[in-house]
Amino acid sequence: MFFSRSRDIIWTRITCAINSIRRKTMHSESTALESTVIAENTSDPKPVKKADRQFDFKLYTQRHIALKVAYLGWDYHGLAIQETADDTIESKLFEALKRAKLIESHLECKFARCGRTDKGVSALSQVVSLYVRSNLLEGLGVVTSTDCRASERKGDKTSEIQYMHILNKLLPEDIRVLAWAPVTADFSARFSCLQRTYKYLFPKGSLDISRMQAAAQKFVGEHDFRNFCKMDVAGGTTNFRRRILSFDINPLDNSPSSPYQMHEVTITGLAFLWHQVRCMVGVLFLIGSGLEDVMLVDKMLDIEKCPRKPQYGMASEIPLMLFDCVFEDVNWQRDERRRSHGH
């Protein structure tokens, strides 16, 4: 599994990212206050912003690529770009892509995402695919439009753009590009994915882990999960059958069991419904706390016995992460010469 991380390393990186975000926030607040004071005590006119120099995209080919992206979603309104919110993961990614002149518009780059994560949800291996500017004249994923003049361009035409390095310089610290890969024209980050893995972290507390583990195994296989999701009426979802390949609950370490011991839920499936993971974990919490019986899962999966979704609370979004997305014949690459500089 590409770029697999040990649990200790994952949480070390997350902790470092959190501390970095806090320092950045404190610095931003301090800078904003200083700027306000200066503005109130000076009458100097603001400098005139220079207009951006026109960039000719026709001097370059385009290339279909996939990006492997990690992000902390706690401070964002989800992954997908929205008309009513600017603070989404995709809005930051598109902003960086446009600043780097890798795309002209997010509406024309044939963008696709592997898994749509909601507000507050993080990812360690999200994958997106799109067409971007390329230095090359030929190669896997390289396409040339009828009005392309790339052969007339001066400069390097044999070395590819360092996508990972450039984007990480422009993205916020809590959004990182881990790798990129050239892909075929028919590749889709959404439909070419073979399986997806989510993880959910929680403290043991007074939960009965053995009861939760027994109930979790009832999710494995192909079932109608309409009672374990949020109905996506606007999205037009009518098929609620999904296949879960594995569903495990394990402690994060071998320390003596205590209420403070952290556990992780690991769920692998072909695809998931809206809020499906949080709904399944929410029901497991009810079972683990003794409020519901293990057989509740069987009842809710039987649509004839339970035709309407019962009322229950979903698990919090904060400990949820998209952990891995698996693809076939994708050659992930990194900017090796940049690694020593932290990119």
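- Hydrophobic cluster membership is shared by L273 and M231, with clusters built from Ile, Leu, Val, Met, Phe, Trp and Tyr side chains linked at under 4.5 angstrom.
- Residues I244 and T268 fail the side-chain proximity criterion, which asks for heavy atoms closer than 4.5 Å.
- Placement of L136 and Y163 in two distinct hydrophobic clusters is found when ILVMFWY residues are connected by side-chain heavy-atom separations under 4.5 Å, directly or transitively.
- No donor-acceptor pair closer than 3.5 Å links the side chain of D324 to the backbone N or O of T197.
- Judged as a salt bridge (charged side-chain N to carboxylate O under 4.0 Å, His left out), and not counting sequence neighbours, R196 has no contacts.
- Ion pair E104/R133 not flagged as a salt bridge, since none of the NZ, NE, NH1 or NH2 atoms sits closer than 4.0 Å to an Asp/Glu carboxylate oxygen.
- Applying the salt bridge (Lys or Arg N to Asp or Glu O under 4.0 Å) test to pairs two or more places apart or on separate chains, those with a residue in residues 140-153 are D56-R149, K58-D147, R149-E152.
- Of the N and O atoms on the side chains of T158 and D156, at least one donor lies less than 3.5 Å from an acceptor on the other residue.
- Residues meeting the side chain to side chain contact (heavy atoms under 4.5 Å, CB included) test with L291, sequence neighbours left out: L286, S289.
- Side-chain contact check for F191 versus C114: every heavy-atom pair is 4.5 Å or farther apart.
- Side-chain atoms of N331 never come within 3.5 Å of backbone atoms of A181 as a donor-acceptor pair (strictly under, hydrogens ignored).
- A distance-only check finds no donor-acceptor pair linking the side chain of T61 to the backbone of T144 [under 3.5 Å].
- When hydrophobic residues (I, L, V, M, F, W, Y) are linked wherever their side-chain heavy atoms come within less than 4.5 Å, the members clustered with V143 are Y131.
- Ring centers of F225 and F272: at least 6.0 Å apart, outside the cut-off.
- Both L102 and I175 are assigned to one and the same hydrophobic cluster, defined by single-linkage of ILVMFWY side chains at heavy-atom distances under 4.5 Å.
- For F57 and F55, the ring centers are positioned less than 6.0 Å apart.
- Between Y312 and F228, the ring-plane angle classifies as tilted under the 30° and 60° cut-offs.
- A salt bridge links R278 with E317; the closest basic N to acidic carboxylate O contact falls under 4.0 Å.
- Shortest non-hydrogen contact noted between G221 and H223 is O-CD2, 3.6 Å.
- Between R211 and G290, the shortest heavy-atom contact is NH2-CA, 4.2 Å.
- Using modelled atom types and a 3.5 Å distance limit, the side chains of D174 and W74 yield no donor-acceptor pair.
- Closest of all the heavy-atom pairs between A66 and F187 is CB-CE2, 4.0 Å.
- Counting heavy atoms of neighbouring residues, nucleotides and ligands inside a 6.0 Å radius, atom NZ of K98 exceeds 12 of them.
- Salt-bridge annotation for R242 and E222: absent, with no side-chain N of the basic residue lying under 4.0 Å from a carboxylate O of the acidic one.
- Although no hydrogens or angles enter the test, the distance criterion places no donor-acceptor pair under 3.5 Å between the side chain of E292 and the main chain of V283.
- Side chain of K309 to backbone of C229: a donor-acceptor contact under 3.5 angstrom is found.
- A donor and an acceptor atom, one from each side chain of H263 and N250, are nowhere located under 3.5 Å apart.
- The shortest heavy-atom contact between A96 and L170 is O-CD1, 3.5 Å.
- Under the 6.0 Å cut-off for aromatic ring centres, F219 and F247 qualify, their centroids lying closer than that.
- Residues R113 and E90 are paired through a salt bridge, judged by an N-O separation under 4.0 Å between the basic side chain and the carboxylate.
- With sequence neighbours left out, the ring-ring contact (aromatic ring centres under 6.0 Å, His included) criterion links Y71 to no other residue.
- When hydrophobic side chains of Ile, Leu, Val, Met, Phe, Trp and Tyr are connected at separations under 4.5 Å, L140 ends up as a singleton with no cluster partners.
- D87 places no side-chain N or O within 3.5 Å of a backbone atom of H77 that could act as its donor or acceptor partner.
- Annotation for D302: atom CG counts as buried by contact number, over 12 foreign heavy atoms lying within 6.0 Å.
- Side-chain atoms of S145 and Q62 include no donor-acceptor pair closer than 3.5 Å.
- A cation-pi geometry, defined here as NZ or CZ lying under 6.0 Å from the six-membered ring centre and within 45° of its normal, does not hold between K68 and W180.
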